[in-house]
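Let me begin by presenting the structure, written as structure tokens, before commenting on it.
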There are 2 protein chains.
Amino acid sequence: MVLIMKVRQLTFRLLQVYADVVRTGSLTATANRLHLTQPTVSQQLKRLREIVGEPIVRHEEGRLVPTEVGQALYHLSQDLLSRADVFSQYLEEYNRGGRGHFSIGLVNTAQYVLPRLLGPFSQANPQVDVTVEIGNRQQMLNRFERHEDDIYVFSHPPIDDDVLAAPFLSNPLVVVGPQHCRWASVEGLSMDALKEERFLLREPGSATRHTFDAWLYSAGIELRSTQQIASNEAIRLAVASNMGLAVLSRHVVADSPNGVQELPLQGFPLKSRWHFVIRRQRRLPPAAIRFLSHVQGSLAQAFDEPEGEVAVAALLRALKAER
Amino acid sequence: MVLIMKVRQLTFRLLQVYADVVRTGSLTATANRLHLTQPTVSQQLKRLREIVGEPIVRHEEGRLVPTEVGQALYHLSQDLLSRADVFSQYLEEYNRGGRGHFSIGLVNTAQYVLPRLLGPFSQANPQVDVTVEIGNRQQMLNRFERHEDDIYVFSHPPIDDDVLAAPFLSNPLVVVGPQHCRWASVEGLSMDALKEERFLLREPGSATRHTFDAWLYSAGIELRSTQQIASNEAIRLAVASNMGLAVLSRHVVADSPNGVQELPLQGFPLKSRWHFVIRRQRRLPPAAIRFLSHVQGSLAQAFDEPEGEVAVAALLRALKAER
DNA sequence: CAACACCATAGATAATCATCTATGACTATA
DNA sequence: TATAGTCATAGATGATTATCTATGGTGTTG
């Protein structure tokens with residue numbers, strides 16, 4: 001029975017050395033090039049020969065030339081080494097964040113603004129693919145609990161020792177009414193005046209609802225009539241159809257204002273900010289880091305949010321320190 | 001600066017183990033499958049991780065799943081391992097002689113008959129390629145001196161301690177004349193009768209010439225008129241054109257007898273045999289061995305040369321003993 | 001044929017590897 | 001919340017590797 005090659009003992013080092021020997025045709029030359037001594041190379045060659053189980057070089061006019069098997073082995077070496085090299089380059093690229101994948105979990109409302117950050121990033125980093133998960137606050141909290149995503153965007157970060165949060169973008173909540181709403185032109189409009197209106201609200205799990213509720217509570221106001229609708233978009237359409245007023249992120253309205261308008265209510269817009277939320281303990285893919293850097297760079301110019309830029313910078317520093 | 005993978009430390013063994021871990025999703029399972037203990041596998045994985053410089057697996061619902069980098073590494077492993085495997089198969093095939101290369105050096109006359117051996121062999125072993133070198137005796141002797149070929153075919157093997165020779169096929173030398181030659185029908189035709197004829201002869205380096213000269217010498221005959229022509233084919237044509245008689249291998253005539261015929265000269269055909277000639281010390285490629293085996297198998301049936309078969313068998317035995 | 005270049009082998013050594021057993025930590029499920 | 005299963009780590013050991021220096025053999029070339 002013929003012995004087959006002892007693949008398990010094969011190392012890339014041996015192949016490297018061998019490939020060089022074939023190229024130079026000389027052990028001594030290879031020894032010099034690889035900063036080894038000649039006997040070392042000689043021995044490596046011998047070992048490789050034993051692994052293969054067949055002579056791989058022979059002497060010919062003072063040079064070492066590969067035998068037929070040696071030729072095949074040389075090709076194999078080239079092939080394997082270059083493949084390993086490609087992988088190595090991939091690794092490097094991955095580490096630079098120019099390649100790879102990360103996932104980001106968005107609270108519903110944030111989906112109106114995040115594309116403006118993700119778009120240019122993807123443009124600049126076509127090899128990175130991003131998974132965007134979208135859900136209401138509660139759904140995102142669940143994902144967060146289960147460590148499902150690399151980055152989250154919340155307006156109210158969950159409280160947790162493990163959490164790093166950076167408020168990067170303001171998210172003003174405004175009251176909106178239909179296009180020709182009579183309240184639109186009232187000076188010094190106050191909530192008292194609107195108490196009798198019907199309010200179309202997001203479900204209790206949502207951040208927008210939460211913020212508004214808190215404000216109502218602190219202002220000691222109770223609404224007469226409310227209706228719950230789970231989607232910002234549906235709410236906007238309902239408002240446009242005169243079904244009531246609503247509190248929405250200004251971004252939702254700004255995005256496509258057809259049929260609704262912001263009302264100049266005193267005390268509004270409610271201030272609120274989106275936060276990048278990351279678990280301290282989680283090791284972020286380099287691509288995610290790169291995304292955050294990208295965001296940091298564009299916040300001041302494209303979004304006029306210098307504070308956001310500072311916060312994201314701090315977040316990045318914290319991440320760097322964490323590892 | 002990002003560290004690149006430490007390729008030189010990479011082993012195929014590590015890749016094997018890793019690939020299995022990815023497949024099973026469990027260290028313990030892999031340990032059992034590969035007849036190792038679980039800590040061993042654990043450590044291998046750790047080492048691989050260090051070589052790559054990046055986490056390659058993570059726990060997920062009690063299973064081990066590759067990280068993104070791990071995925072890429074897994075693909076790499078598969079790829080590299082399967083390539084090594086292909087090479088291993090090649091090796092096996094090479095060792096069986098079903099693949100590879102060998103060269104055979106033929107004395108001119110032998111080219112008329114060797115195709116009948118090589119043809120079926122190549123048919124049966126399409127992956128083997130054979131280099132056939134052809135020359136007259138002297139040229140072949142030179143090649144032999146320089147160890148240029150794996151197998152030689154001579155009618156008179158060079159004398160050398162290093163030589164193994166097996167007479168495998170008879171090579172009868174006959175006298176031929178033109179188609180309607182008056183000698184063709186003479187009973188008991190003797191050389192004496194032909195002394196006055198012009199003989200067309202191969203050059204002195206050739207085996208045919210050598211044999212004929214020796215015969216003439218031992219018979220005490222000297223030819224009146226001779227002419228030297230270097231090619232068997234040219235001689236055959238010259239004979240057909242009534243330029244004289246000639247001594248040729250019967251195979252040359254049998255091959256395409258147009259215009260010439262064998263003369264029934266007493267003492268002819270001269271007996272002579274082709275020999276496979278091999279240097280003891282040379283390590284033959286398995287394909288060459290396989291060729292010899294093939295020849296051995298076909299000599300008895302296709303050529304009615306049982307003695308040749310025996311001789312080749314002995315040659316093969318000697319070669320096997322030699323290594 | 002003397003000198004030189006080149007390769008092979010021997011002998012030595014520190015490092016690393018491949019393994020094992022034993023044990024501790026974590027996790028999912030009964 | 002026990003229990004079983006799974007992974008990680010520690011510690012030990014023999015085998016193998018990667019290297020070196022020194023030396024001897026072989027073949028090439030003035």
Side-chain angles (χ1 to χ4, degrees), chain A residues 5-53 55-67 70 145-148 162 281-283, chain B residues 5-53 55-67 70 145-147 162 281 283:
Chain A
M5 180 173 63
K6 297 162 184 163
V7 185
R8 47 167 63 190
Q9 296 182 39
L10 199 53
T11 66
F12 280 77
R13 181 54 167 169
L14 284 182
L15 296 182
Q16 282 176 338
V17 172
Y18 175 64
D20 198 81
V21 168
V22 173
R23 274 185 230 111
T24 61
S26 148
L27 298 195
T28 310
T30 289
N32 293 331
R33 288 158 53 101
L34 303 188
H35 308 294
L36 298 170
T37 60
Q38 170 267 313
T40 300
V41 177
S42 181
Q43 223 219 64
Q44 305 259 35
L45 208 64
K46 187 177 174 187
R47 199 150 63 81
L48 185 55
R49 188 227 125 104
E50 278 156 9
I51 289 171
V52 171
I56 52 182
V57 292
R58 67 166 179 277
H59 297 267
E60 197 161 277
E61 298 160 23
R63 285 176 58 81
L64 288 174
V65 300
T67 61
E145 271 321 306
R146 284 188 239 109
H147 298 60
E148 299 200 49
D162 190 30
Q281 163 251 41
R282 184 183 189 96
R283 189 188 155 124
Chain B
M5 180 171 62
K6 298 164 184 161
V7 184
R8 49 166 58 188
Q9 297 183 38
L10 200 51
T11 306
F12 279 77
R13 181 55 167 170
L14 284 181
L15 296 182
Q16 282 176 335
V17 172
Y18 175 64
D20 198 81
V21 168
V22 172
R23 273 184 230 111
T24 60
S26 148
L27 298 195
T28 310
T30 290
N32 293 333
R33 289 158 53 102
L34 303 188
H35 308 293
L36 297 171
T37 59
Q38 169 267 314
T40 300
V41 178
S42 180
Q43 223 219 66
Q44 305 258 37
L45 208 64
K46 187 178 173 186
R47 200 151 63 81
L48 185 55
R49 189 228 124 104
E50 278 157 11
I51 288 171
V52 172
I56 52 182
V57 292
R58 65 164 179 278
H59 296 268
E60 197 163 277
E61 297 160 22
R63 283 177 61 79
L64 287 176
V65 300
T67 60
E145 273 319 306
R146 284 189 238 107
H147 299 59
D162 190 31
Q281 163 253 40
R283 190 188 156 129

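Order of the sequence lines fixes the chain letters, A, B, ..., with proteins taken first and strands second; residue numbering starts at 1 for each chain. Note that the coordinates shown come from a computational prediction; the quantities given were computed from them, not determined experimentally.
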Touch class at under 4.0 angstrom, heavy-atom based, for B:Q38 against every strand present: base

Sugar-phosphate only, base, or nothing, as touched by B:T28 at under 4.0 Å among non-hydrogen atoms: sugar-phosphate

Sugar-phosphate only, base, or nothing, as touched by B:S26 at under 4.0 Å among non-hydrogen atoms: sugar-phosphate

Atom CZ of B:R8: over 12 foreign heavy atoms under 6.0 Å: no

Side-chain N,O (B:S42) to OP1/OP2 (D:dC7) below 4.0 Å: no

First of A:Q9 and A:H35 reached from the 5' end of DNA chain D, by closest nucleotide: A:Q9

Side-chain N or O of B:T40 closer than 4.0 Å to phosphate OP1/OP2 of C:dC20: yes

Sugar-phosphate only, base, or nothing, as touched by B:Q43 at under 4.0 Å among non-hydrogen atoms: base

Any B:H59 side-chain N or O less than 4.0 Å from OP1/OP2 of D:dA8: yes

Listed nucleotide nearest any side-chain atom of B:P39, set D:dT19, C:dA22, C:dA8: C:dA22

Reported CG-to-CG distance for the pair A:L27 and A:N32, which is rounded to 0.5 angstrom: 11.0 Å

Nucleotide of C:dT19, C:dT9, D:dC7 approaching A:K46 most closely (side-chain heavy atoms): C:dT9

